[in-house]
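Okay, structure first, notes after.
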2 protein chains.
Amino acid sequence: MEIQGLPGRLLAHLGPAIASGELPAGTVLRAEELEAQHGVSRTVVREAVRILESMRMVEPRRRVGITVRPRGDWDVFDPLVIRWRLAGADRSAQLRSLGSLRVAVEPAAAALAARNASDDDRRELGALAVELTVTARAADLESFLAHDIAFHAAVLRASGNEMFAHLKDTVGAVLTGRTEHRLMPHRPREYAVQLHREVAEAICAGEPEAAERAMRTIVVGALEELDATLTN
Amino acid sequence: MEIQGLPGRLLAHLGPAIASGELPAGTVLRAEELEAQHGVSRTVVREAVRILESMRMVEPRRRVGITVRPRGDWDVFDPLVIRWRLAGADRSAQLRSLGSLRVAVEPAAAALAARNASDDDRRELGALAVELTVTARAADLESFLAHDIAFHAAVLRASGNEMFAHLKDTVGAVLTGRTEHRLMPHRPREYAVQLHREVAEAICAGEPEAAERAMRTIVVGALEELDATLTN
DNA sequence: AGCTTGAATAAGTCATACCTTTGGGTCTAC
DNA sequence: GTAGACCCAAAGGTATGACTTATTCAAGCT
C-alpha cells in the first residue's frame with residue numbers, strides 16, 4: 001500500500017510536515033537542501049516531490065523553488081493526505097469533515113446494499129453483527145473496533161458502488177482514530193450495537209429504507225458525539 | 001492543475017491507456033521500453049511511474065517490471081483517474097458511480113449550505129438560479145452548462161465542508177460529460193430549472209430540509225435519466 | 001522430490017553534466 | 001526619473017553512465 005523505497009521515506013517526512021502545518025503554505029523548499037538534509041540523491045527527491053505535486057500539496061517552479069500550496073488546494077480525498085492530516089494538528093477538522101462525509105455516504109450505501117448485496121455479502125453482514133454484539137458485551141474494545149471496521153467496510157462494498165467501496169479505508173481510519181484518541185465511550189453503547197444489528201437485518205431482508213434509516217442514526221450519532229467531544 | 005513537463009506527457013499517454021483497458025490488469029511494462037517508445041530518459045519514466053504508483057494503478061517490482069494493477073485497486077477518487085475513465089471505455093460505469101455519489105453527497109451539502117452559507121454564498125446562489133432560468137429559456141446549452149456547474153459548485157462550497165467542496169470538479173466533469181455525449185435533453189427541462197430555483201431559495205431562506213429535498217430530486221432525476229440512457 | 005545456490009534481470013540509487021525557464025537587476029533611451 | 005530592453009544567475013528539468021539491490025528462475029546437489 002505504501003510507496004516503496006527512499007522516496008517513500010522522504011514522503012513520510014515531508015507529507016506529515018506539510019499536513020501538520022510545520023511547513024505552512026508559502027514555504028519554499030529547495031531540492032538541493034532536501035538532498036542534503038535527508039542524505040539522498042536528486043532522483044529520490046524529485047520522485048517524492050513529484051508525488052506531492054500530484055497531490056497538489058506543493059508546486060515546483062523554476063528559479064523559485066518548491067512552494068507549499070495552501071490547504072485548500074490539496075487532494076483531500078487522497079488516502080495519504082487523509083492519514084497525514086489525521087495524524088497531525090488538524091485532526092479535529094479532518095474528523096469533522098469525514099464525519100459529514102460518512103453521514104452523506106453510509107446511509108446511501110446501506111440502502112444500495114439492501115438492493116444489491118449478494119448472498120455472501122448478507123451472510124457476512126449477519127455474522128459481523130453477531131460478532132459486534134458479542135465483543136461489545138465482553139467490552140473487548142480492540143476486537144469490537146476490528147469488527148466495527150469490517151462491518152462498515154462490508155456495507156460499503158455490498159453497495160456495489162466502487163466509489164463507496166473505496167471509502168472503506170477512510171472510514172476505518174476514522175473509527176480507529178476516535179478509539180485511539182478516546183473519543184468514544186469506554187464500552188460500546190448497547191443502543192449503537194442494536195442499530196448495527198438493525199442495519200444488517202434490513203440489508204439481509206432487502207429493506208432499503210430501514211437500512212438507510214438505521215445507518216443514518218448510527219453515523220449522525222457518531223458525528224454528534226464527535227462534535228460534542230471536540231467543542232469541549 | 002496538470003502535472004508539468006515530460007513526465008506529464010508520458011502520464012497523459014499511460015494513464016488513459018490503462019484506464020481504457022488498452023493495457024489491462026496484469027500487463028507488464030518495462031522501464032527501458034517506455035524510455036525507447038516515448039523517447040525520454042529514465043528520470044522522466046521513473047517520475048511518471050511513481051505517480052501512477054501513488055494512484056495505485058501500477059506496481060513496479062524488481063526483476064519483474066511495472067505491473068498494471070486491477071481496476072479495483074485504483075484510487076477512484078483521484079481527479080486524474082476520474083478524468084481518464086470518463087474519457088475512455090468505461091465512461092458508463094464511471095458516470096453511474098459518480099451519479100450515486102452525487103445522490104449521496106449533494107443533498108447533504110445543500111442541507112449544510114442552508115445552515116452554514118455566508119451572505120455572499122446566498123447572493124451568488126440566487127444570481128446563478130436566475131442565470132439558469134434565463135439561459136434555459138433561451139435554450140443556450142453552453143451557457144446553461146457553465147452556470148449549472150457553477151451552481152452545483154457553489155452549493156458544495158457553501159456547505160462549509162472542504163471534502164464536499166473538493167467534489168466540485170468531479171461534479172463539473174459529470175455535467176460536462178453528459179452534455180457532450182448527448183445524454184441530456186436538447187433543451188433544459190423547465191421542471192429541473194424550477195428545482196434549482198427551489199434549492200437556491202431554500203438555502204437563502206435557511207431551510208435545510210427543503211434544500212435537501214429539492215437537491216435530492218435533482219440528482220435522483222439525473223441518475224435515473226442516466227440509467228435510462230445507458231441501458232438502452 | 002525438495003532444497004540450495006548462483007546467475008541473470010530489472011528496478012532502485014547515485015553522481016554528474018548539461019538544458020531551459022524565469023525572476024530580478026542593470027543598463028540604456030526617452 | 002521612469003519605462004523598456006537586455007542579460008545573468010539561480011533553480012528546477014532532463015539525460016546518461018555506473019553501480020547496487022532485490023527477486024525470480026533454473027540448474028545442480030542432496
Side-chain angles (χ1 to χ4, degrees), chain A residues 1-15 17-18 22-70 73-75 80, chain B residues 1-15 17-18 22-70 73-75 80:
Chain A
M1 165 136 187
E2 295 292 348
I3 277 87
Q4 294 298 322
L6 297 194
R9 290 193 188 288
L10 183 50
L11 212 55
H13 279 89
L14 287 178
I18 296 174
E22 188 185 327
L23 300 173
T27 304
V28 178
L29 306 169
R30 287 196 2 269
E32 200 180 348
E33 281 182 7
L34 293 176
E35 294 175 30
Q37 285 168 17
H38 297 85
V40 293
S41 73
R42 193 97 179 251
T43 318
V44 171
V45 170
R46 288 193 55 75
E47 288 174 21
V49 168
R50 275 290 190 203
I51 293 174
L52 287 172
E53 184 191 6
S54 81
M55 296 170 176
R56 292 166 175 73
M57 291 181 80
V58 303
E59 182 183 7
R61 278 171 55 196
R62 298 184 183 206
R63 174 65 192 194
V64 174
I66 298 150
T67 312
V68 176
R69 301 178 67 171
D73 292 351
W74 304 351
D75 248 9
L80 278 178
Chain B
M1 164 135 187
E2 295 291 347
I3 276 86
Q4 294 298 321
L6 297 193
R9 291 194 188 288
L10 183 49
L11 212 54
H13 279 89
L14 287 179
I18 296 174
E22 189 185 325
L23 300 174
T27 305
V28 177
L29 308 168
R30 286 196 6 265
E32 200 179 348
E33 280 183 8
L34 292 176
E35 293 175 30
Q37 285 167 16
H38 296 85
V40 293
S41 71
R42 276 207 298 297
T43 319
V44 170
V45 170
R46 288 193 54 74
E47 288 175 21
V49 168
R50 275 291 190 201
I51 293 174
L52 287 172
E53 184 191 5
S54 82
M55 295 169 175
R56 294 165 176 72
M57 291 181 81
V58 303
E59 183 182 7
R61 279 170 54 196
R62 297 187 179 192
R63 171 63 189 175
V64 174
I66 298 151
T67 312
V68 176
R69 302 178 65 172
D73 292 351
W74 304 351
D75 246 10
L80 279 178

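So you know, we letter chains A, B, ... as the sequences are listed, proteins then strands, and number each from 1.
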Does a distance-only test, which skips hydrogens and angles, find a donor-acceptor pair under 3.5 Å between the side chain of B:R61 and the base of C:dA10?
no

Rounded to whole angstrom units, what separation is found between the CD atom of B:Q4 and the C1' atom of C:dT20?
14 Å

Under 4.0 Å, counting only non-hydrogen atoms across every strand here, what does A:L29 touch: a base, just sugar-phosphate, or nothing?
sugar-phosphate

Can a donor-acceptor pair under 3.5 Å be found between the side-chain atoms of A:R63 and the base atoms of C:dT21?
no

Would you indicate what A:V49 reaches in the nucleic acid, counting non-hydrogen atoms under 4.0 angstrom: base, sugar-phosphate, or nothing?
nothing

Got a sec: does the CD of A:Q37 have more than 12 other heavy atoms crowding it under 6.0 Å?
yes

Taking only side-chain N and O atoms of A:R50, does any of them lie within less than 4.0 angstrom of OP1 or OP2 on D:dT14?
yes

Can you confirm whether B:E33 is buried at CD, in the sense that more than 12 heavy atoms of other residues, nucleotides or ligands lie under 6.0 Å from that atom?
yes

Phosphate-side-chain proximity, A:R46 and D:dG13, N/O vs OP1/OP2 below 4.0 Å
yes

Out of C:dA11, D:dT14, C:dT13, which nucleotide sits closest to the side chain of B:P60?
C:dA11

With a 4.0 Å cut-off on N to O distance, would you call B:E47 and B:R50 a salt bridge?
no

Starting from the C-alpha separation in whole Å, work towards a yes-or-no answer on side-chain contact (heavy atoms from CB on, under 4.5 Å) for A:L14 and A:V58.
CA-CA 10 Å; A:L14 287 178; A:V58 303; over 6 Å; no

Rounded interatomic separation in angstrom, taking NE2 from B:H38 and C1' from D:dT14:
17 Å

Which comes earlier along DNA chain C counting from the 5' end, the contact point of A:P7 or that of A:R42, where each point is its nearest nucleotide?
A:P7

Side chain of A:L6: nearest nucleotide among D:dT14, C:dT13, D:dA15?
C:dT13

Specify the separation, in whole Å, of atom CZ of B:R30 and atom C1' of C:dT9.
9 Å

Establish whether the base of C:dA15 is bridged to the side chain of A:S41 by a donor-acceptor pair shorter than 3.5 Å.
no

